[in-house]
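First the structure, in the form of structure tokens, and then the observations on it.
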2 protein chains.
Amino acid sequence: MISEAVQDYLKTIYKLQEDTGVVSTSALAEAMEVAAASVTGMVKKLASLKLVRHHPYQGVVLSKAGEKMALEVIRHHRLLELYLAEALGYSWDKVHEEAERLEHVISEEFEEKIFEALGRPTRDPHGDPIPAKDGTVVAAEHDRLSDLEPGATGVIRQVSDSDAEVLRYLGTRGLVPNAPVEVLEKAPFNGPVTVKTRETSHVLGRDLAQHIRVETRPEDET
Amino acid sequence: MISEAVQDYLKTIYKLQEDTGVVSTSALAEAMEVAAASVTGMVKKLASLKLVRHHPYQGVVLSKAGEKMALEVIRHHRLLELYLAEALGYSWDKVHEEAERLEHVISEEFEEKIFEALGRPTRDPHGDPIPAKDGTVVAAEHDRLSDLEPGATGVIRQVSDSDAEVLRYLGTRGLVPNAPVEVLEKAPFNGPVTVKTRETSHVLGRDLAQHIRVETRPEDET
DNA sequence: ATAATTTTTTAGGTGAGGCTAAAATAATCT
DNA sequence: AGATTATTTTAGCCTCACCTAAAAAATTAT
């Protein structure tokens with residue numbers, strides 16, 4: 001049997017990995033709220049279970065199997081959050097805590113039943129994807145930069161324009177895939193959009209901004 | 001924090017106590033599926049927590065506080081069973097196992113929500129009472145012996161007849177409070193009812209059977 | 001009443017998953 | 001480079017809930 005502790009570590013590693021690639025012992029210790037020494041011990045165990053790869057002093061990476069388990073827990077968590085809110089009328093600030101405990105003990109059947117009851121959702125109300133049973137994760141939603149409201153932040157995922165000249169132009173401004181952006185201002189009608197990249201801000205025509213797809217990070221939405 | 005193990009012990013002690021008054025170490029070990037030595041250890045702990053009273057070699061009795069905790073767990077369990085069946089369409093053979101795990105992790109709020117969603121029930125579909133939040137337990141249902149169908153078994157709880165002669169007559173047949181009975185046959189219309197007591201069976205007029213109240217044990221119902 | 005049997009408790013041990021303090025390694029500053 | 005600082009690992013302990021084997025107490029049988 002896989003313990004709840006293991007499930008929690010895998011889930012936490014997955015989330016840290018999403019943000020930062022490789023996961024350090026101290027980051028994991030901080031996120032799990034345990035001492036670093038405890039993490040070292042658990043990471044050894046996870047490695048022996050082939051759920052993570054670990055090179056001492058270099059952090060940890062989920063294996064295929066570890067990722068699958070992490071996604072199962074995350075699927076449980078997000079389905080539960082959704083169910084608690086939709087079916088039981090929980091307010092959104094309370095669902096997380098409850099789901100945190102329930103996620104470890106519900107059966108596949110329970111998962112299946114609430115999944116159906118909710119109409120087989122693939123995304124929770126935060127916009128976060130609900131991993132599928134087979135481990136598939138729907139791509140995060142990509143919005144047109146031109147559709148975002150001021151205050152929205154995210155990461156550029158795609159820049160599509162038929163004109164290579166335009167792409168080069170955007171590139172010199174740091175508007176390339178994986179670059180973080182923030183919308184500062186947005187003129188009404190078809191007016192320009194002001195965006196902030198790593199260092200400076202730029203004013204883009206609405207037509208240009210339309211071809212830049214951004215993955216917004218939910219917690220940064222207006 | 002009260003561990004799940006403690007909750008499980010209290011629940012089990014409560015149930016055994018219902019049947020047999022005082023609970024022996026070995027009975028508890030058997031019910032919990034652990035070694036007797038483990039029970040001795042846990043019972044010591046429960047006693048130190050003032051959840052049970054324990055006199056070595058004489059078994060264990062729940063304290064007021066212990067009973068309250070036991071009832072909370074049982075309330076969770078029965079509400080969950082009902083909810084799983086009613087709201088999620090679980091079949092009755094699967095609800096127990098799922099409730100067994102969930103009962104330890106749901107919050108008071110979760111309990112409250114499903115209680116309301118179910119219409120504030122006081123009894124589960126087995127007929128078992130659902131303890132109230134304040135620890136009140138509705139009396140077990142007493143059926144007229146004359147209303148039971150063949151196959152039903154239970155324990156006599158009340159024999160009410162104005163005629164002392166009749167009571168004596170029934171007494172000689174073992175039809176007294178706390179005696180187990182089983183309905184063997186039941187004639188149509190107002191015909192007689194054939195019941196089995198400890199050793200022998202008797203045929204009773206419907207009018208007589210009407211005055212005998214039986215507490216049926218759910219698992220023996222038709 | 002004594003012996004045999006059963007029940008319960010004690011003694012000592014195990015594995016999980018934590019902890020602290022100290023040692024080892026890596027990274028950073030001057 | 002060498003020293004300081006930060007991170008990670010090792011070593012050794014703790015608690016919890018279980019275990020087995022042996023001792024003690026209670027019960028039952030002769």
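On a predicted model such as this, the values are computed, not experimentally measured, just so you know.
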From NZ of A:Lys44 over to P of D:dA11, roughly how many Å is that when rounded to an integer? 8 Å
The single option from B:Glu100, B:Glu81, B:His77 that satisfies side-chain contact (heavy atoms from CB on, under 4.5 Å) with B:Val95 is B:Glu81
Could you state the CE-C1' distance from B:Met32 to D:dC18, rounded to the nearest angstrom? 11 Å
At less than 4.0 Å, is any side-chain N or O atom of B:Ser38 found next to OP1 or OP2 of D:dA17? Yes or no. no
Contact check, side chains of A:Arg123 and A:Ile130, non-hydrogen atoms, under 4.5 Å: no
Contact list for DNA chain C against residues 47-61 of chain B - heavy-atom distance below 4.0 Å: B:His54, B:Pro56, B:Tyr57
Stacked cation flag B:Arg78 on B:Tyr83, 6.0 angstrom / 45 deg: no
Strictly distance-based, threshold 3.5 Å: is any side-chain N or O of A:Ser63 a donor or acceptor partner for the main-chain N or O of A:Leu51? yes
Determine whether the side chains of A:Glu67 and A:Tyr14 contain a donor N or O and an acceptor N or O closer than 3.5 Å. no
Phosphate oxygens OP1/OP2 of D:dT15: is one of them under 4.0 Å from a side-chain N or O of B:Lys45? no
For B:Ala36, which contact category applies under a 4.0 Å heavy-atom criterion: base, sugar-phosphate, or nothing? base
Grab the CG-P distance between B:Leu28 and C:dT9 for me, whole Å please. 11 Å
Would you say a side-chain N or O of A:Ser24 is under 4.0 Å from OP1 or OP2 of D:dT7? no
Is the NZ or CZ atom of B:Arg101 positioned over A:Phe110's six-membered ring, under 6.0 angstrom from the centre and within 45° of the axis? no
Does atom CD of A:Glu185 have more than 12 heavy-atom neighbours, drawn from other residues, nucleotides or ligands, at distances under 6.0 Å? no
Round to a whole Å and report the spacing from CE of B:Met42 to C1' of D:dC16. 8 Å
Between B:Ser26 and C:dT8, is there a contact of a side-chain N or O with OP1 or OP2 at under 4.0 Å? yes
For the pair made of CG in A:Leu46 and P in C:dA16, what is the distance, rounded to whole Å? 13 Å
What integer distance in Å separates A:Asp8:CG from C:dG18:C1'? 14 Å
Under 4.0 angstrom between B:Thr40 side-chain N/O and C:dT10 OP1 or OP2: no
